[in-house]
Amino acid sequence: MSTDKQGTRILARTFFNQLRASGYTPMQIIGIATELLDLVTEDIKGENVAQATVEARPEFRKDA
């Protein structure tokens, strides 16, 4: 397992354990996970819209 994958797994486990220790139920944690996935999905959609705009209108392309 790569270090990055291990770090992600450790972070998720730590987050889960902290939520459980704070009294969240498994169903509440599923709700939190769903909200996180929704946020990531919206973020990715925003990136895709921005990329499509740059590709369609190269004059707006930002210089790095």
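Positions are given from 1, in the same order as the sequence printed here.
Contact between Gln28 and Gly23 at its shortest, heavy atoms only, is OE1-O, 4.0 Å.
Of the possible donor and acceptor atoms, none in the side chain of Arg9 sits under 3.5 Å from a partner among the backbone N and O of Arg13. Here the side chain of Asp43 pairs no donor or acceptor atom with the backbone of Leu39 at under 3.5 angstrom.
Expressed to the nearest 0.5 Å, how far OG1 of Thr8 lies from CG of Asp4 amounts to 4.5 Å. Separating the CD atom in Glu47 from the CD1 atom in Ile44 is a distance of 6.5 Å, to the nearest 0.5 Å. Between atom CZ of residue Phe16 and atom CD1 of residue Ile29 there is a gap of 4.5 Å, rounded to the nearest 0.5 Å.
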query: Are Thr34 and Ile30 close enough, and set up right, to give a side-chain contact (heavy atoms from CB on, under 4.5 Å), and what steps lead you there?
result: CA-CA 6 Å; Thr34 301; Ile30 290 172; 4.2 Å; yes
message: Walk me through whether Phe15 and Ile10 qualify under side-chain contact (heavy atoms from CB on, under 4.5 Å).
response: CA-CA 8 Å; Phe15 185 45; Ile10 291 167; over 6 Å; no
